[in-house]
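One structure is given below, encoded as structure tokens.
No experiment lies behind these values; they were computed from the predicted model shown. Here is how names work: the chains are called A, B, and so on, in the same order as the sequence lines, proteins then strands, and each is numbered from 1.
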Amino acid sequence: MAIMLKLDDINVFYGAIHAIKGISLEVDQGEIVTLIGANGAGKSTTLRTVSGLLKPKTGTISFEDKTISGQPAHKIVEYGISQVPEGRRIFANMTVMENLELGAYIRTDKNGIKSDLERVFKHFPRLAERKKQEAGTLSGGEQQMLAMGRALMSSPRLLLLDEPSMGLAPLLIKEIFEIIKDINKAGTTILLVEQNANMALSIANRAYVLETGKITLSGDAKELSASEDVRKAYLGG
Amino acid sequence: MGIMDQFLQQLINGISLGSIYALIALGYTMVYGIIKLINFAHGDIYMVGAYIGFFCITIMNWPVLPALLVSMLLTGILGMLIERFAYRPLRSAPRISVLITAIGVSFFLEYTMMYFVTPQPRTFPSLLDDAAYHIGPFIINNQQIMIFAITIILMAILTYIVQYTKVGKAMRAVSFDTETAQLMGINSNRIISVTFGIGSALAAAAGVLVGIYYNSIDPLMGIMPGLKAFVAAVLGGIGILPGAAAGGIILGIIEALVSGFISSTFRDAAAFAILILVLLFKPSGLLGKNTNEKV
């Protein structure tokens, strides 16, 4: 399968703190790949570097054979990468519809936007019911759905998901992960960052395990979830 | 004239003055909303707008409306240039650095203008005849009617832009959460630039209107109205557009009533007393939600 996203030995610093220490990873077209690891391991930092919010000090990131590292975040969206940020970060003072419109900010194809809006409402019927509602009044689960719908509105080929299960009830987490699988089946490649390693490994094709800024393990998601080390460290025995 | 008639008359005067404050306050509040900067040079941008209008009318012999539009356009560009060269390089600097820079830009505009146009006040030509109309108990003159009309039209256009256009939605998004706005593909620098442009254009309109209303302009004319508009923006709730409009009008009315019924020497004191009271009792302003500022 074709390599879609490739991180080659990237190093990222927060001031003097060396947060990402030489990470290399690949995401193939059509896959669900997950990054798992403890709090502070550098999962979100990795995603934020891909989406251009952070710049790697060294190393390159390429997407569909084009180098994207060093580009500003608003340009990276145009390449076909969209991020659902940690903590959802919806525009709380705007309506659900306005949030979705902002997701399609870079597009001018009216018909394409319309059909993607219908697609988002098919994935998330509750958003259709609450179109005119102010986004800040939605429940946590609905806000997560809105953040995902908003990201889909740019019609990305690669979707970056940062902790979609955060703060949600178990039943809702199941629902969200089912939708992630559906989105992937419909043709969007997914790079998923999760603390809930059980859930993440259950839907992913492959996984990388991050520990203090380094990849310590990687491989097939099923094999990893069966491995003794991973079970002990991340899956609660 | 009875007390009631005098009250109503001061109300008209207050709304005229308040419209000017409101137009300036809108720019203050838009810039604050998007980059959390109290742009102390904003009053001086208003002054430059008044001069551009003045030269269009006196040298080019243009009528009011084209002079107003050209002044808004050029002053808008000036605002964007100031943002580009004075504030953008400090985007990740501590806020106090940007604030001090704004004070520097303010002096720069005042004294550059003094160099080129001399510190002498200029007399704005009177463009409209002084006809006054009696409507019931009110007496309203041509200049006041023009100020109301232009203010209302500009506010309607601004509301339309902010609420319904793509760039307006992007402005609200950047103002709410710049980083997430960038993840939508919004070039936040461009949107911040547009915000400065629109805010400066509104200040220019206020400058031209003041020239027509008070007939006199000078390079330091922006200092006091700039501070008053800042009070108006805080009064309404800084960062909130309808708040700036309401704050401006309320401040204008209070000043007119204080001048009419107490003494015009207390006019400025009243404005700043309001600032102190707002900061003491409702720091978030009349239309603001009481939330602690996030660090």
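- Interface remark: A:Ala92 contributes backbone and side-chain atoms alike to the contact with chain B (heavy atom separation under 4.5 Å).
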So between chain A and chain B, what donor-acceptor pairs come in under 3.5 Å?
residue	atom	partner	partner atom	Å
A:Arg48	NH1	B:Glu179	OE1	2.8
A:Arg48	NH2	B:Glu179	OE1	3.4
A:Arg48	NH2	B:Glu179	OE2	3.2
A:Arg89	NE	B:Asp177	OD2	2.7
A:Arg89	NE	B:Thr180	OG1	3.2
A:Arg89	NH2	B:Asp177	OD1	3.1
A:Arg89	NH2	B:Glu179	OE1	3.2
A:Glu98	OE1	B:Arg172	NH1	3.4
A:Glu98	OE2	B:Arg172	NH1	3.4
A:Glu98	OE2	B:Arg172	NH2	2.9
A:Glu101	OE1	B:Lys169	NZ	2.5
A:Tyr105	O	B:Lys166	NZ	2.7
A:Arg107	O	B:Lys166	NZ	3.3

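- More than 12 heavy atoms of other residues, nucleotides or ligands shown are found within 6.0 angstrom of CZ on B:Phe148.
- Looking at A:Ile81, neither its backbone nor its side chain comes within 4.5 Å of chain B, counting heavy atoms on both sides.
- Rounding to the nearest 0.5 Å gives a distance of 9.0 Å between CG of A:Leu160 and CG of B:Leu183.
- A distance of 5.0 Å separates CG in A:Leu102 from CD1 in B:Ile186, rounded to the nearest 0.5 Å.
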